[in-house]
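Please read the structure below before turning to the comments.
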Amino acid sequence: MGCLLSTPEVAGGARRRPRNIGEVVVFVPGLRIPRPLDFAQPLGDGLSKSLVERLSALRTRIEVMAGQEAPMTTKPRRTATQHVLMTLRLSLQALEDYLPVLLGLVENGNWLKHNLRFCWINQEDDVEETTMSDSWYEVLSVLHLMAVQLLSQANLLLLPNKFTSGYQSTALEDCKRASIDIFLKAAGYLDFAVQKVLPQLPLELRSDLPLDLSEGVLKALCLQALGQGVEIQLGMAIDSIKATLAVKRRLACEMVKYWHQAEEYIKELPVANGWGEKHKLFIQWKHIEAKAIAYYLHGLILEEGNTSAGIAAAALQAAEEYLKESKMACDSFHVTLPSSRNPPPWGASKYLAERIPKDISSKTINWDSQKHEMIKHVAPALPDFVLSLKPDEYQLPSTDPSWNDLHAQNVVPTK
């Protein structure tokens, strides 16, 4: 079976530790970067020279692009440039080109899947890099990197500083819609990784995976993508005169469920360094923020109905308390290294910041400020809606035809 080698972090190691990543709309963990790998020696007797060279060229392309891309995606910037977006797309294409050729190492009982020592630099784990002699580890690492690159694209598309006063609103709406598609695609990669790829690894290797690739982090990242997709939908509904209050409340309540599930997966994980701790704080912040807007919209609907004024007021007061709590959680997230900044509020966050303080002060009971936990305790339960956003269905591509040719010639030995 595969073997494991983990390298503790040392001073001057290859892992990049940026101190400031600028404005953040979508949290993106630091990019895991593949270490150089020599395919020729372990595979030379089992594969044709042309296939070995192709595997090597495709992976080297990823090594180079990921190494160049990492500092760009963590560098503070005020604009989402077309150059950076194009680099991300080219890097994603490189991974998609590599995957069909890589799959020849894991399919049809190919014993070559244990011949290579795949090494990747971690970001959320204390261990700087992890090496495993199992090609499914490489597949898992590739899918994770594909998802993270999509989240990077979404963050760049949604940075509001790009949209100056002269920027057409239709282009802004196009970016929002594109980001939802990106979130669902990223969630699809991550969901497939959890459901189909992790089970391919022996239990002893699964327990030794870096935190970046642990089941809890992968599930939390998948749910984060879905939660942020709903957040964009909610922001668009808020901006639409056609969207009813009931529609907005449903989206807000769904958002609470996504973030709650994400927090359940990540809260017990042993995150200790900057990226891991920052990831956990981001999910906590977005969960609290989602509760604030959900309770606010729920309180408004209760006011319109036949519910007693006290119950509606309790929901609105809970919204105000969660808003205060979310501001503190936001500050904690941004000051945690690598430090970051909150962009100017927009969408659901802008609605939250503007409407709750103004509307609630005249509608709620005058509670003692020391009783904030009591306020949340007596608040009515939020409605429970079925979650509407699902990860895109993803399937691994077909194995590259060059492997079929080799099998037909009985070149590739199998067990």
Side-chain angles (χ1 to χ4, degrees), residues 21-29 31 65 69 72-75 77-97 143-192 221-240 242-243 247-248 251-252 254-255 258-259 262 282 286 290 342-351 387-395:
I21 56 175
E23 293 178 341
V24 172
V25 177
V26 181
F27 176 78
V28 183
L31 294 181
M65 295 192 76
E69 180 186 339
M72 285 194 294
T73 55
T74 58
K75 181 181 178 181
R77 59 180 62 249
R78 296 190 62 79
T79 57
T81 65
Q82 289 299 315
H83 171 69
V84 180
L85 285 170
M86 182 58 69
T87 300
L88 286 166
R89 288 166 184 153
L90 289 173
S91 186
L92 184 61
Q93 185 61 54
L95 290 162
E96 291 173 347
D97 292 343
L143 288 175
H144 175 265
L145 184 54
M146 289 166 69
V148 170
Q149 287 177 332
L150 285 175
L151 294 179
S152 296
Q153 286 186 35
N155 187 54
L156 290 170
L157 281 174
L158 294 172
L159 282 175
N161 283 331
K162 173 182 175 181
F163 307 116
T164 62
S165 57
Y167 201 78
Q168 295 183 0
S169 60
T170 53
L172 171 56
E173 293 303 304
D174 288 345
C175 284
K176 291 178 180 178
R177 289 188 174 88
S179 72
I180 295 173
D181 292 339
I182 289 172
F183 285 131
L184 297 183
K185 191 174 181 180
Y189 290 151
L190 294 162
D191 185 61
F192 184 86
L221 204 55
C222 176
L223 288 160
Q224 173 192 325
L226 297 175
Q228 297 212 257
V230 175
E231 183 179 1
I232 302 303
Q233 289 183 326
L234 177 58
M236 295 172 72
I238 287 169
D239 293 337
S240 171
K242 297 180 180 179
V247 167
K248 296 171 188 174
L251 290 170
E254 287 187 34
M255 192 163 62
Y258 284 119
W259 288 115
F282 180 79
K286 301 304 287 187
N342 216 22
W346 62 287
S349 295
K350 183 177 181 181
Y351 181 78
L387 296 174
S388 56
L389 279 190
K390 305 292 182 185
D392 278 355
E393 254 189 57
Y394 175 75
Q395 295 295 327

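- Residue pairs satisfying the side chain to side chain donor-acceptor pair (under 3.5 Å) criterion with at least one member in residues 227-236, sequence neighbours excluded, are listed as follows: Gln224-Gln228, Glu231-Lys286.
- When all heavy atoms of Ala262 and Leu223 are compared, the pair lying nearest together is N-CD1, 3.7 Å.
- Taken to the nearest 0.5 Å, the OG atom of Ser179 stands 11.0 Å off from the CG atom of Asp174.
- The two atoms that bring Glu254 and Ser388 nearest to each other are OE1-OG, 2.7 Å, heavy atoms only.
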Give the table of side-chain donor-acceptor pairs shorter than 3.5 Å for residues 181-189, with sequence neighbours excluded, one pair per line with atom names and distance.
none

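- Each of Ile238, Val230, Leu389 was checked for a side-chain contact (heavy atoms from CB on, under 4.5 Å) with Leu251, and the lone residue meeting it is Val230.
- Smallest separation of non-hydrogen atoms from Leu387 and Tyr258: CB-OH, 3.4 Å.
- Closest approach of Ser91 and Met65 over heavy atoms only: N-CE, 3.5 Å.
- A distance of 10.5 Å separates CZ of Phe192 from CE of Met146, quoted to the nearest 0.5 Å.
- Taking the side chain as every heavy atom from C-beta outward, Leu190 and Pro391 never approach each other to under 4.5 Å.
- A distance of 12.5 Å separates CG in Leu92 from OG1 in Thr87, rounded to the nearest 0.5 Å.
- Of all heavy-atom pairs spanning His144 and Leu221, the tightest one is NE2-CD2, 4.3 Å.
- Between Asp239 and Lys176, the closest heavy-atom pair is OD2-NZ, 3.4 Å.
- By the side chain to side chain contact (heavy atoms under 4.5 Å, CB included) test, Ala178 pairs with Leu157, sequence neighbours left out.
- The CG atom of Leu95 sits 11.5 Å away from atom CG of Leu90, with the distance rounded to the nearest 0.5 Å.
- Side chains of Leu158 and Ile232 form a contact here, defined as non-hydrogen atoms less than 4.5 Å apart.
- Of the residues listed (Leu88, Val28, Val26), the one engaging Gln153 in a side-chain contact (heavy atoms from CB on, under 4.5 Å) is Leu88, and it is the only one.
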